[in-house]
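Here's the structure we're looking at; comments come further down.
When a ligand or atom number is given, it counts from 1 through the structure's own listing order. Numbering starts at 1 and runs along the sequence shown.
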Amino acid sequence: STLVTRTTEDERVSSTLVTRSSEDIRHEDVAYVLPEKPSPEVDASPYLTSIPRLSRLLHFLETNISMSQKDERLNLSLETHEMDSGEAHDSSHPSQINVLSKESQPPQVSAHGNIRKLVLTTSKSPVSKDTNSQKQSVHVTSSNVLTQTALHHVLTKSGHRPHARRNTSEVAVRRLPKAIIIGVKKAGTRALLEFLRIHPNVECSGPEPHYFDKNYNMGLEWYRDRMPETYSDQIAIEKTPGYFVTKEAPQRIYDMDPHIKLLLVVRDPVTRSISDYCQAATKHTLQPYESMALLDESLGLVNTSWSAIKIGVYSRHMEHWLQVFPLAQIHVVDGERLIDDPASELAKVEQFLGLPKFITPSHFYLRGFKGKFPCLIKRGKPHCLGEKTKGREHPVVKEAVLQRLQDFYRPFNAKFYQQVGQNFDWN
Ligand SMILES: Nc1ncnc2c1ncn2[C@@H]1O[C@H](COP(=O)(O)OS(=O)(=O)O)[C@@H](OP(=O)(O)O)[C@H]1O
């Protein structure tokens with residue numbers, strides 16, 4: 001069964017709801033596979049700044065999507081909050097529209113004013129027996145890029161998985177990254193990468209390429225081959241925390257792309273060193289943390305040659321980066337806030353990367369993993385980072401040793417705050 005659409009005068013738009021096997025989905029235009037479960041409500045407002053008039057969107061929906069059969073399974077509802085230009089936000093009038101039912105009347109909504117909030121929900125009605133093995137998809141093509149972009153975001157955000165791209169002739173290719181997560185090791189770099197991955201305009205390489213620290217002799221083409229395939233409206237991102245402490249890395253990265261954007265996740269260097277210790281302890285038998293961190297516990301002599309301590313002297317490493325890159329090209333992510341409030345940390349990253357706002361609290365299941373670490377919500381279920389390798393149990397470290405390490409790091413932290421213009425209050 002097909003939901004056929006017509007061409008309008010100003011937007012040559014066609015939209016098709018197809019019910020067929022997944023292999024059969026046409027790969028011209030965009031196809032979205034419906035989520036298994038009714039999708040959550042989606043606030044489309046961030047994507048609709050490019051469609052200032054409600055009338056325009058309604059026109060698109062009314063004239064381009066209609067049910068061809070009585071028992072079509074797609075419900076689409078829009079909740080709009082209209083606002084006449086210049087009027088205060090709280091004077092908006094929410095209204096509920098149900099589109100896409102053969103019998104339903106065209107939505108009765110005043111088409112004046114700017115859209116302030118638009119909520120779109122889609123759901124699959126109970127599927128009849130004979131369609132159990134089939135997949136449904138919404139098929140959208142539009143010559144109007146703005147409308148299409150907004151719908152793309154709304155549909156992907158409400159759980160529809162895009163199957164093909166809007167520009168049919170475009171083939172995804174491996175491109176060099178536009179942004180790199182350079183570190184810091186054990187500060188939450190994996191979490192940042194995995195969270196960024198949900199953004200439709202981002203593709204990430206899973207494994208760490210270690211190009212600018214260990215594999216530089218492999219050459220740029222080797223590096224490009226490690227990148228994910230991206231379309232022209234996407235950016236590739238990789239993470240290798242080893243870069244932050246590699247003296248040569250800043251210049252090497254600059255030589256590849258002087259305009260690249262760098263992301264640096266940081267957390268209290270004392271906690272970071274314990275996390276580093278825990279990771280090393282899974283590979284080797286180690287002495288207690290206290291005797292590794294201090295050369296002499298009674299004298300309080302810090303073991304500055306131990307890498308777990310050295311990495312935490314952020315200001316020294318940062319110096320190398322600031323000799324090559326302006327601070328404006330480096331965004332510092334607070335690793336603690338990435339745990340407590342991932343959506344707001346990610347919003348800042350989206351802004352820094354120039355991405356449309358996409359990631360919201362609804363993408364996260366907070367306090368999901370070990371009661372502390374947020375998990376991603378994928379298809380309605382919490383999806384946590386490596387349960388064995390992330391969020392490890394930390395040993396209880398003697399208070400006096402913690403104190404000594406905090407004293408040791410204090411001046412370096414202060415310098416780091418100055419360098420990046422942010423105070424993390426670690427002490
Ligand atoms: N959402 C979520 N889930 C699990 N873990 C999280 C999360 N956000 C941040 N973290 C913290 O990330 C720490 C691991 O940091 P990295 O990913 O940078 O480690 S690595 O350098 O790639 O090995 C890891 O360190 P440990 O707690 O010591 O295991 C976590 O504290």
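- Heavy atoms of L338 come nearer than 4.0 angstrom to ligand 1 in no pair at all.
- When non-hydrogen atoms are compared, ligand 1 lies under 4.0 Å from the side chain of P241 (C-beta onward) but not from its backbone.
- Taking each of G183, G242, A191 in turn, the one with a heavy atom nearest to atom 8 (N) of ligand 1 proves to be A191.
- Using modelled atom types, one side-chain atom of Y409 and one backbone atom of I309 make a donor-acceptor pair closer than 3.5 Å.
- Note: an N/O pair closer than 3.5 Å links H394 and ligand 1 by distance alone.
- Nearest-heavy-atom check against atom 14 (C) of ligand 1 across Q279, E336, K390, K239 picks out K390.
- Ion pairing between a basic and an acidic side chain is recognised when a charged N comes within 4.0 Å of a carboxylate O; D268 and R272 show no such pairing.
- Heavy-atom contacts of F195 reach the following atoms of ligand 1: 1 (N) (cutoff under 4.0 Å).
- Under the 3.5 Å distance criterion, with hydrogens and angles disregarded, a donor-acceptor pair is assigned to the side chains of E238 and Y243.
- Looking at R337 and D340, no side-chain N of the basic residue comes within less than 4.0 Å of a carboxylate O on the acidic one, giving no salt bridge.
- With values rounded to the nearest 0.5 angstrom, F325 atom CZ is found 13.0 Å from K261 atom NZ.
- Contact atoms of ligand 1 toward K185: 21 (O) (distance under 4.0 Å to a heavy atom of the residue).
- Listed by number with element, the atoms of ligand 1 under 4.0 Å from a non-hydrogen atom of E208 are 22 (O).
- When C278, G335, S275 are checked for heavy-atom proximity to atom 28 (O) of ligand 1, S275 turns out nearest.
- Close N/O approach between G188 and ligand 1 is found [any backbone or side-chain N/O within under 3.5 Å].
- The 12-atom threshold is not exceeded at OH of Y365, counting heavy atoms of other residues, nucleotides or ligands nearer than 6.0 Å.
- Close N/O approach between G391 and ligand 1 is found [any backbone or side-chain N/O within under 3.5 Å].
- A salt bridge between E297 and K398 is present, with a side-chain N of the basic residue lying under 4.0 Å from a carboxylate O of the acidic one.
- A salt bridge is absent between E319 and R316; no separation between the charged side-chain nitrogens and carboxylate oxygens falls under 4.0 Å.
- Between I260 and I180 the shortest side-chain heavy-atom distance falls below 4.5 Å.
- Taking a cut-off of under 4.0 Å to the non-hydrogen atoms of I339, the atoms of ligand 1 that pass are 8 (N), 9 (C).
- When heavy-atom distances to ligand 1 are checked against a 4.0 Å cut-off, A187 comes that close only through its backbone atoms N, CA, C and O.
- Residues passing the side chain to side chain donor-acceptor pair (under 3.5 Å) test with K214: none are found, sequence neighbours excluded.
- Nearest to atom 6 (C) of ligand 1 by heavy atom, out of F373, Y277, Y365, F244, is F373.
- Atom 21 (O) of ligand 1 has K186 N, 2.9 Å as its closest protein atom, hydrogens excluded (heavy atom only).
- Residue contacts with ligand 1, taken as heavy atom pairs separated by less than 4.0 Å, do not involve E194 at all.
- Any N or O atom pair closer than 3.5 Å counts here, and P374 shares at least one such pair with ligand 1.
- Taking the side chain as every heavy atom from C-beta outward, L322 and I330 approach each other to under 4.5 Å.
- Under 4.0 angstrom from ligand 1, the non-hydrogen atoms of T189 come from both its backbone and its side chain.
- Of all atoms in ligand 1, numbered sequentially from 1 with element shown, those under 4.0 Å from a heavy atom of R267 are 13 (C), 25 (O), 31 (O).
- Of all atoms in ligand 1, listed by their number and element, those nearer than 4.0 Å to a heavy atom of R392 are 26 (P), 27 (O), 29 (O).
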Report, one line per pair, each donor and acceptor closer than 3.5 Å where one atom sits in a side chain of residues 202-211; sequence neighbours left out.
| residue | atom | partner | partner atom | Å |
| --- | --- | --- | --- | --- |
| E203 | OE2 | Q234 | NE2 | 3.2 |
| S205 | OG | P207 | O | 3.4 |
| E208 | OE1 | H210 | NE2 | 3.1 |
| E208 | OE2 | K239 | NZ | 2.7 |
| H210 | ND1 | D213 | OD1 | 3.2 |
| H210 | ND1 | D213 | OD2 | 2.9 |
| Y211 | OH | L220 | N | 3.2 |

